[in-house]
Amino acid sequence: MKTVRVWDLPTRIFHWVLATCVIGLVITGQIGGTAMEWHFLLGYSVLALLLFRLAWGLVGGYWSRFVQFIYTPATIWRYLQGRGDPSHAVGHSPLGAFSVFALLATLLVQVATGLMSDDEIFNSGPLTKYVSNATVSLATTYHKEIGKLLLIFLVLMHVAAIVFYFFKKRQNLLRPMVWGDKELTADAPSSRDDARSRLVAAFLIMACAALVGWFIKQVS
């Protein structure tokens with residue numbers, strides 16, 4: 001068995017912070033009232049995290065880069081037939097990649113519609129004054145009903161996949177996302193995870209947070 005660093009520290013921190021924020025968003029959205037202040041702050045945090053992940057998908061560790069888990073339809077079909085490549089067991093498999101992209105896209109749409117939503121009571125997104133009433137109504141309906149349910153469904157599917165791999169395939173997908181390493185039977189490239197890459201990640205997340213803060217200030 002060979003120990004390979006699959007998930008670099010910035011990717012792991014992103015994953016768990018994002019999961020915490022999403023749980024917080026669902027809870028505060030259900031509570032409403034004064035909890036909506038936290039709902040907005042968590043939404044802005046998720047936007048910063050998503051911007052970071054998009055950038056990190058270009059310059060991050062080897063297995064965190066999008067190029068490593070963008071698969072062709074033919075590759076996905078072979079994987080579904082049980083003829084996958086051994087490298088699929090290292091980072092994101094074709095199904096895992098689909099889950100990642102679906103979650104990222106759903107979260108981006110959810111944040112965007114949240115910025116344009118209005119509950120017609122106390123809370124309205126900062127972009128509501130820049131779009132038509134019809135757009136606000138559509139965004140609000142999607143954000144509060146369709147998008148929320150879709151996000152919860154994808155999260156539950158993500159958890160179900162982890163449970164399936166653990167009990168059916170005897171693969172613990174959580175351990176590498178906590179400690180970063182996987183035990184493999186064959187050689188595989190390791191993700192860069194040194195002080196320099198972590199410094200780059202810290203700069204990126206601060207830049208993304210600053211950009212989101214500046215944007216919200218401009219439109220509020």
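These numbers come from a predicted model, not from an experiment.
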Do [X] and [Y] sit in one hydrophobic cluster, given that two such residues count as connected whenever their side-chain heavy atoms are within less than 4.5 Å of each other, even indirectly?
{"X": "Phe153", "Y": "Ile23", "answer": "no"}
{"X": "Leu204", "Y": "Leu199", "answer": "no"}
{"X": "Leu49", "Y": "Val26", "answer": "no"}
{"X": "Ile27", "Y": "Trp38", "answer": "no"}
{"X": "Tyr130", "Y": "Val212", "answer": "yes"}

Considering all heavy atoms, the nearest [X]-[Y] contact:
{"X": "Ala48", "Y": "Cys208", "result": "O-CB, 3.6 Å"}
{"X": "Leu58", "Y": "Leu54", "result": "CG-O, 3.6 Å"}
{"X": "Arg65", "Y": "Val59", "result": "NH2-O, 3.6 Å"}
{"X": "Val178", "Y": "Arg12", "result": "O-NH1, 3.1 Å"}
{"X": "Val4", "Y": "Ser190", "result": "CG1-OG, 3.6 Å"}
{"X": "Pro94", "Y": "Ile76", "result": "CB-CG1, 4.0 Å"}

Are any side-chain N or O atoms of [X] and backbone N or O atoms of [Y], one a donor and one an acceptor, separated by less than 3.5 Å?
{"X": "Asp8", "Y": "Gly61", "answer": "yes"}
{"X": "Arg83", "Y": "Arg78", "answer": "no"}
{"X": "His143", "Y": "Thr113", "answer": "no"}
{"X": "Ser137", "Y": "Asn133", "answer": "no"}
{"X": "Thr128", "Y": "Ser124", "answer": "no"}
{"X": "Ser64", "Y": "Gly60", "answer": "no"}
{"X": "Lys2", "Y": "Glu183", "answer": "no"}

- prompt: When you look at Ile216 and Tyr44, which way does the side chain to side chain contact (heavy atoms under 4.5 Å, CB included) test go after all the steps?
  reply: CA-CA 8 Å; Ile216 297 302; Tyr44 300 150; 3.4 Å; yes

message: Using the rule given for side chain to side chain contact (heavy atoms under 4.5 Å, CB included), can you reason through Thr20 versus Leu42, listing the C-alpha separation, both sets of side-chain angles and the distance that settles it, and then say yes or no?
response: CA-CA 9 Å; Thr20 302; Leu42 288 169; over 6 Å; no

Working to the nearest 0.5 angstrom, can you tell me the gap between [X] [atom1] and [Y] [atom2]?
{"X": "Leu107", "Y": "Leu150", "atom1": "CG", "atom2": "CG", "result": "9.5 Å"}
{"X": "Arg53", "Y": "Leu18", "atom1": "CZ", "atom2": "CG", "result": "10.5 Å"}
{"X": "Met206", "Y": "Leu211", "atom1": "CE", "atom2": "CG", "result": "14.0 Å"}
{"X": "Leu47", "Y": "Cys21", "atom1": "CG", "atom2": "SG", "result": "11.5 Å"}
{"X": "Leu50", "Y": "Leu108", "atom1": "CG", "atom2": "CG", "result": "4.5 Å"}
{"X": "Leu127", "Y": "Thr135", "atom1": "CG", "atom2": "OG1", "result": "11.0 Å"}

Validation row: [X], [Y] side chains within 4.5 angstrom (heavy atoms):
{"X": "Trp63", "Y": "Val90", "value": "yes"}
{"X": "Thr75", "Y": "Thr72", "value": "yes"}
{"X": "Val22", "Y": "Leu151", "value": "yes"}
{"X": "Met36", "Y": "Phe122", "value": "no"}
{"X": "Arg198", "Y": "Pro10", "value": "yes"}
{"X": "Tyr62", "Y": "Arg192", "value": "no"}
{"X": "Ser220", "Y": "Phe215", "value": "no"}
{"X": "Trp16", "Y": "Met177", "value": "yes"}

Decide whether [X] and [Y] meet the rule of one side-chain donor and one side-chain acceptor closer than 3.5 Å.
{"X": "Asp119", "Y": "Thr140", "result": "no"}
{"X": "Ser191", "Y": "Asp193", "result": "no"}
{"X": "Gln30", "Y": "Lys148", "result": "yes"}

- request: Would you sort out whether Leu174 and Ile162 count as a side chain to side chain contact (heavy atoms under 4.5 Å, CB included), showing the intermediate values?
  value: CA-CA 8 Å; Leu174 287 180; Ile162 293 173; 3.9 Å; yes

- prompt: Quick check: are there more than 12 heavy atoms from other residues, nucleotides or ligands sitting under 6.0 Å from CD of Gln81?
  reply: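 Buried by this count: over 12 neighbours within 6.0 Å.
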
message: Which residue in the set Trp56, Phe14, Phe52 passes side chain to side chain contact (heavy atoms under 4.5 Å, CB included) when paired with Ile205?
response: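 Among Trp56, Phe14, Phe52, the one meeting side chain to side chain contact (heavy atoms under 4.5 Å, CB included) with Ile205 is Phe52.
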
query: Among pairs that include at least one residue of residues 71-116, which meet ring pair (Phe, Tyr, Trp, His ring centres under 6.0 Å), considering only residues two or more places apart or in two chains?
result: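 Residue pairs passing ring pair (Phe, Tyr, Trp, His ring centres under 6.0 Å), neighbours aside: Trp7-His92, Phe66-Phe101, Phe69-His92, Phe69-Phe101, Tyr71-His88, Tyr79-His88.
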
